[in-house]
There are 2 protein chains.
Amino acid sequence: MRSPEPRFAYIASVIAEPSRARMLALLLGGEARSAGELARAVSITPQTASTHLAQLLDAGLVKLRAQGRHRYFTLADADVAHLLEALSLVVERDDVRSRWDTPAYKPLKYARSCYCHLAGELGVRQRDALLAQRVLVHGADGALTLSQDAAKWLRNARFGDDAIASLQRDATKKRFVYSCMDWSERREHLAGVFATRLLTHFVEMGWLRKDKTGRALATTPPGVRALSMLFG
Amino acid sequence: MRSPEPRFAYIASVIAEPSRARMLALLLGGEARSAGELARAVSITPQTASTHLAQLLDAGLVKLRAQGRHRYFTLADADVAHLLEALSLVVERDDVRSRWDTPAYKPLKYARSCYCHLAGELGVRQRDALLAQRVLVHGADGALTLSQDAAKWLRNARFGDDAIASLQRDATKKRFVYSCMDWSERREHLAGVFATRLLTHFVEMGWLRKDKTGRALATTPPGVRALSMLFG
DNA sequence: CATTCGCTTCGATCCCGCCCGAAGCATTTA
DNA sequence: TAAATGCTTCGGGCGGGATCGAAGCGAATG
């Protein structure tokens with residue numbers, strides 16, 4: 001009982017520094033960012049950013065992919081993303097309505113990428129639709145799985161045959177798809193590998209587009225048609 | 001996009017202070033603790049504890065119930081508990097196996113109270129059993145609800161008729177019962193009002209007993225019989 | 001090989017916040 | 001009323017860590 005708490009406080013302290021917090025918030029969009037990019041985004045010098053990023057690495061909150069003379073950072077895994085979303089839930093708890101109804105927050109409330117999957121109103125709608133249409137079903141143990149006739153829906157969503165086969169192969173893996181709480185909607189939305197592939201696909205098809213922050217998602221005109229068909 | 005992050009970092013910084021972190025970990029057990037009790041538990045003077053508790057209140061992480069010359073603190077709500085559990089998940093992520101397999105962690109891994117509901121192996125088992133026995137079912141929207149014939153199971157669990165009626169009345173409310181991730185088991189367990197009442201009942205019946213930390217739960221001999229019947 | 005670019009390490013400064021002693025306030029008990 | 005208990009506020013000392021300038025290192029570019 002004594003040993004976990006120091007580390008408990010330690011992880012929190014790493015998140016607690018304002019510049020690091022802003023970096024993590026940026027990375028919550030799901031895309032990799034270089035060290036310099038992050039430094040500029042939070043208005044600090046590269047050398048300061050460097051020490052911060054070293055600490056984020058030490059704490060295991062971010063992962064590093066070195067490429068030439070660039071160093072690209074992403075969140076370490078879904079658990080970290082989950083923590084940051086849970087923190088957001090508490091941060092915004094006091095006045096969810098008033099804050100989310102300001103014009104600046106509209107896009108973020110409508111749709112955003114959370115780590116790598118779809119969240120916000122559209123994320124909740126996606127989960128409801130896939131359950132209602134029996135693309136996803138609850139197994140005996142209560143876990144969510146891909147149904148027998150999910151292939152039809154996936155074809156409608158313009159997935160290729162090979163992509164569908166690949167998804168069905170992965171469907172048995174742990175954490176392929178599961179529900180998790182949405183902090184703005186206070187309803188559940190979809191996460192996991194499956195949800196990630198869906199979002200990637202929607203962006204590739206040009207149905208959703210990420211804004212400059214990499215967090216908010218806008219529906220394009222063809223996206224409106226495609227998604228209203230898919231989500232009923 | 002600019003305004004939430006300062007508060008984001010602020011909340012993290014409140015958790016980041018070691019003494020406050022330990023207080024929060026204690027309160028995660030679900031029971032109310034007085035200011036002095038918390039001060040002694042984390043080995044600091046009352047005046048230092050006082051300033052820490054004031055900050056926890058400011059941040060909205062704890063709630064206060066004044067009673068005579070005592071001041072009792074609890075976690076503010078389930079969102080805060082959820083945040084702390086998500087933080088634990090990241091904290092323990094690196095070496096889940098090695099850490100949880102040490103003797104000191106055995107009881108905590110087996111069963112513990114998380115805010116006010118049952119977590120750990122027993123918590124996961126509880127969820128599996130209630131779903132398998134159709135005490136809880138997934139509704140059309142995928143949300144968890146009390147089934148028609150849950151009453152039979154509740155009677156077996158020695159709930160009184162009035163308690164059962166009260167539960168069924170509350171079953172329509174938001175957040176009555178829902179699944180959430182367990183950090184030690186990496187499986188889902190039950191949370192919400194329903195889960196809280198179950199745990200309270202099990203403790204009242206003498207089937208489970210809280211240890212001095214208020215976190216770990218031990219099964220008593222009659223509890224072994226009762227729970228193995230209820231959970232199959 | 002020399003230069004530029006991205007990033008890191010070192011060193012010095014400075015500020016924020018944790019801490020406890022002392023004093024003060026409110027409630028309960030004698 | 002007086003004394004004890006639980007808790008808070010004030011003041012000053014102190015340490016940890018955030019910051020940036022300067023210098024160093026490795027990779028790409030010419």
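For the numbers below, each heavy atom of this structure counts, side chains included, while hydrogens, waters and symmetry mates do not. Every chain is numbered from 1, with letters handed out A, B, ... down the list of sequences.
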Asker: Touch check for Gln55(B), heavy atoms < 4.0 angstrom, all strands: base, sugar-phosphate only, or nothing?
Answerer: sugar-phosphate
Asker: Choose from dT9(C), dC20(C), dC7(D) the nucleotide whose nearest atom is closest to any side-chain atom of Gln47(B).
Answerer: dC20(C)
Asker: Within this structure, what is the CG-to-C1' distance between Leu53(A) and dA18(D), rounded to whole angstrom?
Answerer: 14 Å
Asker: Using heavy atoms to find the nearest nucleotide of DNA chain D for Gly68(A) and Thr48(A) separately, return the residue whose nucleotide is more 5′.
Answerer: Thr48(A)
Asker: Answer whether the closest heavy-atom distance between the side chains of Lys210(A) and Glu31(A) falls below 4.5 Å.
Answerer: yes
Asker: Check this one for me: any side-chain N or O of His52(A) less than 4.0 Å away from OP1 or OP2 of dT19(D)?
Answerer: yes
Asker: I need the CZ-P distance between Arg69(B) and dA3(D), as an integer number of Å.
Answerer: 16 Å
Asker: Do Arg65(B) and Thr74(B) get their side chains close enough for a donor-acceptor pair, meaning under 3.5 Å?
Answerer: no
Asker: Nearest-Å distance, CG (Leu64(B)) to P (dA26(C))?
Answerer: 17 Å
Asker: Which residue lies toward the 5' end of DNA chain D, Ile44(A) or Gln67(A), if each is placed at its nearest nucleotide?
Answerer: Ile44(A)
Asker: Of the candidate nucleotides dG6(D), dC7(C), dC18(C), which contains the atom at the shortest distance from the side chain of His70(B)?
Answerer: dG6(D)
Asker: Rounded to the nearest angstrom, tell me the gap between atom CZ in Arg65(A) and atom P in dG6(C).
Answerer: 17 Å
Asker: Between Ser50(B) and dC7(D), is there a side-chain N or O to OP1/OP2 distance below 4.0 Å?
Answerer: no
Asker: Rounding to a whole Å, what distance do you find between Arg40(A):CZ and dC5(C):C1'?
Answerer: 12 Å
Asker: Enumerate donor-acceptor pairs with a distance under 3.5 Å from any side-chain N or O in residues 115-125 of chain B to protein atoms, sequence neighbours excluded.
Answerer:
unit_1, atom_1, unit_2, atom_2, d
His117(B), ND1, Cys114(B), O, 3.3
His117(B), NE2, His189(B), NE2, 3.2

Asker: Distance check needed: dG16(D) C1' versus Glu17(B) CD, whole Å only.
Answerer: 12 Å
Asker: Any idea how His82(A) and His82(B) line up, ring-wise: parallel (<30°), tilted (30 to 60°), or perpendicular (>60°)?
Answerer: tilted
Asker: Would a 4.5 Å heavy-atom cut-off, applied to side chains only, mark Arg197(B) and Val193(B) as touching?
Answerer: yes
Asker: Return the value, rounded to whole Å, for the distance between atom CZ of Arg22(B) and atom C1' of dC19(C).
Answerer: 16 Å
Asker: Between atom CZ in Arg71(A) and atom P in dG26(D), what is the gap in whole Å?
Answerer: 13 Å
